[in-house]
Each structure stands twice: as C-alpha cells, then as structure tokens.
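Everything on this sheet refers to the single structure shown next.
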Protein chains: 2
Amino acid sequence: MTTSVESVAERAGVSVSTVSRALRSVPGVSAATRKRVQDAADELGYSASPAASRLATGRTMTVGIVVPVLAKWFFGKVIGEATHTLRQAGFDVLLFELGTRAQRERFFSSAHLHGRTDGVIIMALQPSKAELESLTAQGQAVALLGAEAQGFGSVSVDNVSAGRAAVRHLLNLGHERIAFIGIRDEESSNLGGVPPLQRLMGYREALAEAGVPGDDMLEQFDENSVDGGAAAMSRLLVTEQVPTAVFVASDEMAFGVLKVLRKAGLDVPRDFSVLGFDNHELCDVVGLTTMDHEVAEQGQDVARILLDILQGGPPANLSRAVRLVVRETTAPPHVLRTTPTAPDSPHSAGHPGTP
Amino acid sequence: MTTSVESVAERAGVSVSTVSRALRSVPGVSAATRKRVQDAADELGYSASPAASRLATGRTMTVGIVVPVLAKWFFGKVIGEATHTLRQAGFDVLLFELGTRAQRERFFSSAHLHGRTDGVIIMALQPSKAELESLTAQGQAVALLGAEAQGFGSVSVDNVSAGRAAVRHLLNLGHERIAFIGIRDEESSNLGGVPPLQRLMGYREALAEAGVPGDDMLEQFDENSVDGGAAAMSRLLVTEQVPTAVFVASDEMAFGVLKVLRKAGLDVPRDFSVLGFDNHELCDVVGLTTMDHEVAEQGQDVARILLDILQGGPPANLSRAVRLVVRETTAPPHVLRTTPTAPDSPHSAGHPGTP
DNA sequence: CTGAAAGCGCTTACAG
DNA sequence: CTGAAAGCGCTTACAG
C-alpha cells in the first residue's frame with residue numbers, strides 16, 4: 001500500500017520527476033515512457049499520497065458543503081446532486097452541518113477550511129460580509145445556494161414573484177382571508193436565510209395588488225419542520241376570523257399544517273386550502289399543491305458554478321424557475337359554494353391524504 | 001493566512017519543535033512556554049496546515065461516510081447524527097454516495113480512501129469479503145451500519161424478529177391474507193442490503209407460526225421509494241385473492257402504498273391495513289403505523305464505534321431495539337366486522353391522511 | 001523542558 | 001523529453 005513514487009520510478013526505470021509528470025498527464029512526457037510508468041504504477045497499485053501532493057501543490061481537490069441541517073429532504077436532495085457533479089470533476093466533498101449559532105460562529109472564525117478545501121458551497125445561509133471575507137482570506141472559492149452576495153457565485157430563485165404567484169392562485173380560487181406561514185429561526189439555530197422572507201414579501205404584494213387588506217394575525221412564523229408548521233396552524237385556528245387558505249413557505253411545514261387540520265376535523269380542500277413550497281417528494285402522497293423550484297437542478301448548478309470559479313472563471317449567478325404544481329389541497333373556499341351546510345359530496349372518497 | 005510554525009516560533013522566541021508540541025498539548029512543555037506559544041499563535045491566527053501534519057503523522061483526522069443515496073430521510077438522519085458525533089471528536093467527514101454498481105466497484109477497487117481518511121462508516125451496504133479487505137489494506141478502520149461482518153464494528157437491529165413482530169400485530173388484528181412488500185435492487189443500483197431480506201424472513205416465520213399458508217404472489221419487491229412501493233401495491237391489487245393487509249419493509253414504500261390505495265378508492269384502515277418500517281418523520285402526518293428502530297441512535301452508535309476502533313479499542317457490535325408504533329393505518333379486517341356493508345362510523349373523521 | 005535535524009511523499013522550476 | 005534538487009509545512013526521535 002505504501003508504494004511511493006520511488007518504487008514506481010525504479011520499476012519503470014525513470015526518475016521520480018518523470019513518474020510524477022506521467023501519472024498526472026502533464027505534457028512533456030513521451031508516449032512510450034508515459035505508458036511504461038502507467039503500467040508500473042498499475043502493477044504496484046500505486047496512487048499518490050494526497051497529503052504529499054496537497055503539500056506540494058497547495059491544491060486539495062476537495063470542496064466543502066455547508067448546510068444548516070442534513071436530515072431534511074431538500075438538503076439531502078441538493079447535496080446528493082452537488083456531490084455527484086463534484087465527484088465527476090474529481091473532487092472529494094467534505095460535509096459541514098451548522099445547525100446552531102455556536103457551530104456557525106466557530107466555523108467562520110476558525111479558518112477551519114484553510115488547507116482542507118479549495119472551495120466551499122454554502123446552502124440556505126446568508127453569510128455576512130465578515131463571514132465571506134473570512135472564507136476568501138482562507139483562499140476559498142465560494143458559491144451560494146439560496147442566497148446572493150456581490151462578487152460570489154450563486155444559484156437561487158425569485159422568491160418574491162414565486163410567493164406572489166402562489167397567493168394569486170389562492171386569490172383566483174376566490175379566497176380572501178389568506179394566511180402565511182413562514183420560517184423563523186429558533187433562538188439557537190440559523191436556518192431559514194432570506195428566501196422565506198422574500199416569500200412573505202410576495203405574499204404581501206399579491207394581497208395588496210388584489211386590494212385585500214393585510215392582517216398581522218394572519219402571518220405566523222415558526223421553525224422549519226412538520227411540528228413548526230403544525231404549531232403555526234394551531235395558532236391560526238384560534239384567530240378571531242379564521243382564514244380559508246394558507247400559503248406555507250415550506251412543504252415540511254405544510255405537512256404539519258395538514259396534520260393539524262385533519263385533527264381539527266377540517267376537510268382539505270373543502271374547508272381549507274393549503275399551498276406549500278419545494279415540491280417535496282412526498283407531496284404526491286398527500287396531494288399537496290406546491291411551488292416547484294427545480295431543487296435537483298439547483299444542486300447541480302451550484303456545483304458547476306463553483307467548479308467554474310475553481311478553474312479561474314468568473315462567479316456566475318443563476319436563477320431557477322418556479323412553477324405552481326396544482327394537486328388536491330387547493331380549491332375554492334367553502335363559503336362560496338351553494339350549499340354550505342349540507343355535504344355537497346360523498347366527501348370521503350378521493351380526498352387528499354385519505355389513503 | 002500562510003503563517004507557518006516558524007513565524008509562531010519566532011514570535012514566541014522558541015523553536016518550531018516547541019511550537020508544535022505546545023499547540024498539540026503534547027506533554028513535556030512547561031506551562032509558561034505553552035502559554036507563550038499559544039498566545040503567539042492566537043495573535044497570528046495560526047493553525048497548522050492539515051496537509052503537512054498528515055504527511056508527517058500519517059493521520060488524516062477525517063472519516064469517510066459511505067451511503068447508497070443521500071436524498072432519503074433515513075440517510076440524512078443517520079449521517080447528521082454520525083457527523084455530529086465525529087465532529088465533536090475533532091474529525092472531518094468526507095461523503096461518498098455509491099448509488100450505482102459502477103460507482104461501488106470504482107470505489108472499492110481504487111484505494112481512493114488511502115491517505116484521505118483514517119476510517120470509514122459504511123451504511124446499508126453489505127460489503128463483500130474482498131471489499132472489506134481492500135479497505136483494511138488501505139489502512140482504514142471500518143464500522144458498518146445495517147450490516148455485520150466478522151471482526152468489524154457494527155450497529156444493526158434484529159430485523160428478523162422485527163419483521164415477526166410487525167406481522168404478528170397484523171395477525172392479532174385478525175388478518176390472514178397478509179402481503180409483504182420488500183426492497184429489490186435495481187439492475188444498476190446497490191441499495192437494500194440484508195435488512196430487507198431479514199424482514200422477509202420474519203414475515204414468513206410469523207405466518208408459519210400462525211399456521212397461515214404462504215403465497216408467493218403475496219410477496220412483492222421493488223425499488224426503495226414511494227414509486228417502488230406504489231408499483232408493488234398496484235401488483236398486489238390485481239392478484240386473484242387480494243390481501244387485507246401489508247407489511248412494507250420501508251416507510252417510503254409504505255407512503256407509495258397509501259397513495260395507490262387512496263387512488264383505488266380503498267379506505268385505510270377500514271378496507272386495508274398498512275404497516276411500515278423506519279418511523280419516518282412524516283409517519284405522523286399520514287398516520288402510518290410502523291416499526292421504529294432508533295434511527296438517530298444508530299447514527300451516533302456507529303460513529304462512536306468507529307471512534308473507539310480508531311483509538312485502538314476492539315470493534316464493538318451493537319444492536320438497537322425495534323418497537324411497534326401503532327398509528328392509524330392498521331385495524332381489524334373489514335370482513336370480520338359485524339355490518340360489512342353499512343358504514344359503521346361517520347367514517348370521514350379522523351381517518352389517516354385526511355387532512 | 002527545549003532545540004537541531006531528518007523525514008513524511010509528493011511537485012516543480014531549473015538544467016541539460 | 002528527462003533528471004537532480006529544492007521545497008511544501010509539519011512532526012518526532014535524538015541529544016542535551
């Protein structure tokens with residue numbers, strides 16, 4: 001296993017310099033000797049010590065991926081796609097989970113990446129100017145996902161217009177009292193980032209556009225999880241004038257919303273409409289209407305953008321499309337129907353979430 | 001940024017050897033000089049070049065985590081827990097996704113880990129003897145999750161008895177025609193591993209125990225996903241004598257099962273009972289009855305086991321408990337009820353999956 | 001407790 | 001096209 005360049009050189013009858021050049025396809029080696037070296041290396045099962053080449057070249061051929069959490073569909077998906085692209089380009093990927101503020105601070109203050117990675121992909125976190133500087137000072141190329149920063153590569157979506165489109169769908173169905181459930185960071189966490197806020201902006205714009213007055217009570221925020229969504233919906237249920245529809249900033253939260261509505265005995269979409277965000281793979285199971293934002297593609301994009309920067313290219317800024325995916329959790333509000341009290345359908349067949 | 005040991009040594013007025021010792025808390029340095037060195041390092045923002053120390057020590061202080069797929073709740077959860085434990089011990093984690101047979105072969109044949117990691121955690125993959133040897137030949141410590149191998153650390157659960165317990169629950173409810181939906185690898189993929197097979201064994205044992213004759217038609221296999229589960233259930237629906245319940249080897253597949261049943265107009269659990277495996281975080285949303293196997297704990301376990309091996313300890317083999325979590329997708333079979341035709345309840349309230 | 005020196009295993013100007 | 005040599009930035013016996 002510990003076959004070194006020297007053993008290969010010996011076997012191939014050349015110098016170590018030649019071995020090094022031949023094996024890395026550096027120009028300036030005759031085809032004949034290149035083959036001889038390659039063969040010798042193969043026979044010995046040789047592969048260069050990464051530590052040694054890193055020390056000599058200063059390049060690590062690995063990139064870091066930074067996420068707020070791993071155990072979420074969105075991040076699993078995006079990381080999977082990104083690592084695949086990165087690996088094809090010959091890079092290893094180092095994983096960093098920055099779930100708490102403490103972890104985040106330690107990470108950005110410690111120059112931990114220096115000499116460990118050539119570049120880093122930061123997901124769903126809006127790094128501050130200082131944090132970004134710390135990264136570049138460590139010699140890192142950086143690409144952002146779900147955030148933007150002057151001079152840095154990034155991929156994101158237009159969350160404002162996505163939020164607007166979502167709420168318009170609800171307005172078009174005839175809803176007027178439309179709530180918003182968004183993401184608020186916990187004391188100690190740092191998830192969320194800006195997209196959720198932009199979605200809120202879109203929500204407000206659509207309402208204003210339609211002449212529907214806003215209502216603070218209708219905007220609820222919680223942790224980005226099933227439980228967080230459930231908690232937010234529970235609060236909505238006890239407001240003075242309960243809404244007839246809600247736009248939820250993430251599908252996972254929307255799942256929690258569905259759960260609460262079911263437990264409250266409300267029928268979706270007859271009594272209440274729910275619209276999520278992400279197009280989570282399980283949307284189809286519960287019939288959740290949602291906003292798709294090309295999650296897999298975003299993962300590939302951000303990897304490619306970083307690879308470009310690593311090769312000396314300029315930092316690209318991409319924007320992915322968002323589109324409404326109508327399933328079965330949105331419908332016209334009940335009050336608008338002809339017979340509000342008498343059940344207007346068998347009601348138990350074909351309803352979303354009814355297995 | 002490129003502050004070296006020398007600059008620290010100079011500033012502290014000591015030799016580089018002393019700096020090296022002081023900074024790594026190696027015994028044999030007076031408290032006074034240790035502090036002086038520490039201060040100098042802090043002032044200079046110094047941190048040792050990983051490549052250089054790796055080359056000098058031969059230790060990388062990083063471990064690899066190998067998974068079949070990233071974009072699944074189970075793996076996200078387990079990786080999250082494992083990386084957390086690893087990071088606390090000062091290790092970085094390198095991620096490897098081996099979704100296809102080709103990727104798997106390349107990985108195990110290329111000595112890619114050599115010099116990159118000190119150890120590796122292999123998840124939900126049953127490595128062959130040769131693959132294991134390749135890893136140890138590369139000097140890797142190895143710990144397995146969801147698999148076992150002579151002489152290697154591992155954490156798993158008793159899937160046979162778990163399968164038995166699951167099916168017994170169904171039998172106790174009065175079901176006799178009970179189907180099994182398991183995981184079969186695609187041509188090109190290598191997911192699954194042994195646990196799914198053991199769950200099948202448990203299913204068969206429980207049936208035999210109860211004197212219920214087996215039926216090949218009742219055992220369906222597909223890809224481990226919502227779509228795979230849906231496809232398998234669709235096949236079950238057209239068997240000659242449709243079963244009244246199914247034990248599904250993974251929750252994600254069970255979600256697909258629920259979807260198909262809903263589309264077929266069947267009510268769960270009135271017309272059909274479904275029992276999953278994993279206790280996926282979304283079980284609660286659709287009310288899926290399932291088998292919990294302490295997923296988060298398994299992630300921590302496997303990391304700790306590897307850390308122990310890395311510190312010279314013996315390879316531990318842990319087994320985690322499995323327990324039935326009854327929710328709302330299992331009930332006595334319809335045919336056993338007193339009034340088979342007339343609905344015996346309001347039937348639309350409180351049903352699983354009805355939001 | 002501290003320091004001078006060799007060595008870890010590559011890569012890369014510099015000559016030839 | 002090929003080789004000898006310096007250097008990348010640490011760690012660790014070996015002396016003292």
Side-chain angles (χ1 to χ4, degrees), chain A residues 1-38 40-41 44-62 90 92 111-116 118 138-139, chain B residues 1-38 40-41 44-62 90 92 111-116 118 138-139:
Chain A
M1 278 308 102
T2 317
T3 45
S4 61
V5 249
E6 302 200 25
S7 49
V8 179
E10 210 171 306
R11 186 178 251 269
V14 296
S15 73
V16 293
S17 337
T18 300
V19 171
S20 176
R21 291 192 196 99
L23 260 26
R24 284 172 307 128
S25 321
V26 172
V29 181
S30 78
T33 70
R34 187 183 299 284
K35 177 167 182 0
R36 200 137 40 83
V37 172
Q38 190 59 261
L44 261 37
Y46 170 80
S47 73
S49 148
S53 16
R54 285 173 195 191
L55 185 55
T57 63
R59 291 201 74 190
T60 64
M61 288 307 282
T62 112
D92 278 332
H112 187 73
L113 256 27
H114 179 243
R116 249 170 261 268
D118 297 332
Q138 290 174 54
Chain B
M1 278 306 107
T2 317
T3 44
S4 61
V5 250
E6 301 200 25
S7 50
V8 180
E10 209 172 305
R11 185 178 252 266
V14 296
S15 73
V16 294
S17 341
T18 300
V19 171
S20 176
R21 290 190 197 101
L23 259 26
R24 284 172 308 128
S25 322
V26 172
V29 180
S30 77
T33 72
R34 186 182 300 284
K35 177 168 183 356
R36 199 136 42 82
V37 173
Q38 190 58 262
L44 261 38
Y46 170 80
S47 72
S49 146
S53 15
R54 285 173 194 191
L55 185 56
T57 64
R59 294 201 72 192
T60 64
M61 288 307 282
T62 112
D92 278 332
H112 186 74
L113 255 28
H114 179 241
R116 249 169 260 270
D118 298 332
Q138 290 173 54

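Within every chain, numbering begins at 1; the chains are lettered A, B, ... in the order of the sequence lines, protein sequences first and strands thereafter. The structure displayed is predicted, hence computed values, not measured ones.
Across the protein-nucleic acid pair, A:Arg24 atom CZ and C:dA13 atom C1' stand 13 Å apart, rounded to whole Å. Atom C1' of nucleotide D:dC10 and atom CZ of B:Arg59 are separated by 16 Å, given to the nearest angstrom. Distance A:Tyr46 OH to C:dG9 C1': 7 Å, rounded to the nearest Å. C:dT2 atom C1' lies 18 Å from atom CD of B:Glu10, rounded to whole Å. For the pair B:Glu6 CD and D:dT11 P, the interatomic distance rounds to 13 Å; values are reported in whole Å. Protein atom CG of A:Leu23 is 16 Å distant from nucleotide atom C1' of D:dT2, rounded to whole Å.
Checking the phosphate oxygens (OP1, OP2) of C:dC10, no side-chain nitrogen or oxygen of A:Ser53 falls inside 4.0 Å. Considering only side-chain N and O atoms, B:Arg54 lies nowhere under 4.0 angstrom from the phosphate OP1 or OP2 of D:dT11. The phosphate of C:dG9 (OP1 or OP2) has no side-chain N or O of A:Ser49 nearer than 4.0 angstrom. For B:Ser17 and C:dG3, the shortest distance from a side-chain N or O to OP1 or OP2 is not below 4.0 Å.
Taking each heavy atom of B:Val37 and B:Val19 in turn, the nearest pair found is CG1-CA, 3.8 Å. When all heavy atoms are compared, the tightest approach of B:Ala111 to A:Ser47 is O-OG, 4.2 Å. Closest heavy-atom contact between B:His112 and A:Asp92: NE2-OD1, 2.9 Å.
Remark: B:Leu55 CG to A:Arg54 CZ distance equals 11.5 Å, nearest 0.5 Å. Between the CG atom of A:Leu44 and the CD atom of A:Glu10 there is a distance of 9.5 Å, given to the nearest 0.5 Å. To the nearest 0.5 Å, the span separating OG1 on A:Thr18 from CZ on A:Arg36 amounts to 9.5 Å. Atom OG of A:Ser25 and atom CZ of A:Arg34 lie 5.5 Å apart (nearest 0.5 Å).
Nucleotide D:dA13 has no partner under the Watson-Crick or G-U criteria, as no pair reaches both atom distances under 3.5 Å. When both distances must be under 3.5 Å, the Watson-Crick or G-U wobble mate of D:dA4 does not exist.
Counting atom types as modelled, B:Arg21 pairs a side-chain N or O with a base atom of C:dG3 as donor and acceptor under 3.5 Å.
For residues 27-38 of chain A, proximity to DNA chain C is found at no residue, defined as any non-hydrogen atom under 4.0 angstrom from a strand atom.
Note on A:Val26: nothing from the nucleic acid sits closer than 4.0 angstrom, heavy atoms only.
Side chains of B:Ser20 and B:Ser17: a donor-acceptor N/O pair is absent below 3.5 angstrom, by distance only.
If you check C:dG3, D:dG7, C:dC8 against the side chain of B:Ala56, the one that comes closest is C:dC8. When distances run from any side-chain atom of A:Ser20 to the nucleotides C:dT12, D:dC10, D:dC8, the shortest one goes to C:dT12.
Rounded to the nearest Å, the gap between the P atom of D:dA5 and that of D:dC1 is 23 Å.
Nearest-nucleotide mapping onto DNA chain C: of B:Thr18 and A:Leu55, the residue sitting toward the 5' end is B:Thr18.
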